[in-house]
There are 2 protein chains.
Amino acid sequence: MLLESLRLFAHQGFPGTSTRQIAAAVGIKAPSLYEHFPSKQHILERLVLIGHRDLLAAFERTLAECEPDPVAQVRALVRTHVLTHVTYPLLAIVTNDELHHLAPERSAEALALRARAERLATEPGLRGARQGVFSPTELVATTAAIASMGVRAPYWFLPTPEQGPADLADSFAELAIRMLRPDRRSPG
Amino acid sequence: MLLESLRLFAHQGFPGTSTRQIAAAVGIKAPSLYEHFPSKQHILERLVLIGHRDLLAAFERTLAECEPDPVAQVRALVRTHVLTHVTYPLLAIVTNDELHHLAPERSAEALALRARAERLATEPGLRGARQGVFSPTELVATTAAIASMGVRAPYWFLPTPEQGPADLADSFAELAIRMLRPDRRSPG
DNA sequence: GTCTATATGATGATAGAC
DNA sequence: GTCTATCATCATATAGAC
């Protein structure tokens, strides 16, 4: 039922999905949904919490297992970010795009998780810049660019035998380092 | 009325916006809308066409005014892509996110424009890779990453006196080149 | 836990007066 | 071009039987 809702929310959006559609996908009638969730919004809230908890937990595991070098950390974090997004693309889409359809009191926890994840994931870039191993053109914009790669990936990426999720994650991790590192050839 | 619809579609999505809300924002009653557009979908169709036409036209102008060097072309195209997205952020959001709420016959023209724009914008990267001035880790993924920067920009970027749209466009153009160029320090 | 029946209101769109 | 009145349908959610 969470899975069916996820699929529908991802394809049609939260307001574009009716409780009848969810029920039909599960194989029951709409009123029976309210035996499991008190409202349609609560279903979305649950999904959005799962998505944010997954990402935060993945970031925490990544940093715990990684050597403290900023370059290694950024590589590992970008890999984790991309892998999380393309491994559960529908969850990533719903988590990112439909969160704002929740009433403030039901999105607050997810937003807090997001803020924590963001701090965790951006810290190594900051530290690397302070240490001089990174010299991005503009750190905030570069951080946003790196995050954007992963956030958009679920919308276009289809794994193939030649390029699986791990391959994309490796490629994007390499791109992140290229973005952050000074390039001797281009001035400024 | 297009502007009011744009604002509402961007913030609430197409299914989450009612004709009554649009009418109220314009200062009329809902039935009067149908004097100007035959349906709610036709309003979205118009917006989505404007968005896609703007981007394609901007790409065409950019290439017409640019020297044929791949590096210069990619820089100019990324600048244009980013500028278009952050100059009309609501239009970019609606054009990208709400297009799929149109019936196929009303999204076809926009999709055709998108395909043309995509070909135009990716060609210099391909040519540069063939010529050896670029050596991305993986060209398709890198192209997607570069596009992602611009597509996501309307969601977070707020111009300030220190960093206006042109500054962000310059930063992202530089990042695109860094992504595409070979980096002597990192093997592979 | 599921159903049928239903409450209550919103939805996109139309008819027809002015 | 705008309105009021309205249609037919859909929405989320509840009541109560089984």
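Throughout, protein chains are lettered first and strands after them, A, B, ... in sequence-line order, and every chain is numbered starting at 1.
More than 12 heavy atoms of other residues, nucleotides or ligands sit less than 6.0 Å from atom CZ of B/Phe37.
Straight-line distance from the CD atom of A/Gln21 to the P atom of D/dT9: 18 Å, rounded to whole Å. Across the protein-nucleic acid pair, B/Gln12 atom CD and C/dA10 atom P stand 15 Å apart, rounded to whole Å.
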- prompt: Between B/Glu65 and B/Arg61, is a salt bridge (Lys or Arg N to Asp or Glu O under 4.0 Å) present by the stated rule, with each step listed?
  reply: CA-CA 6 Å; B/Glu65 294 168 0; B/Arg61 248 181 293 120; 5.9 Å; no
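Of the residues near DNA chain C, A/Ala30 and B/Arg20, the one whose nearest nucleotide (by heavy atom distance) lies more toward the 5' end is A/Ala30.
At a threshold of 4.5 Å between non-hydrogen side-chain atoms, the residues A/Thr84 and A/Phe59 do not count as touching.
Listed nucleotides C/dT4, D/dC3, D/dT12 differ in distance to A/Lys29; the shortest reach to its side chain belongs to C/dT4.
In this structure, OG1 on A/Thr142 lies 9.0 Å from CE on B/Met149, to the nearest 0.5 angstrom. Taking CG of B/Leu44 as the reference point, atom CZ of B/Phe14 lies at 5.0 Å (rounded to 0.5 Å).
Of the residues in residues 31-44 of chain B, those lying under 4.0 Å from DNA chain D by heavy-atom distance are B/Pro31, B/Ser32, B/Glu35, B/His36.
Partners of B/His81 by ring-ring contact (aromatic ring centres under 6.0 Å, His included), not counting sequence neighbours, listed by chain and number: B/His85.
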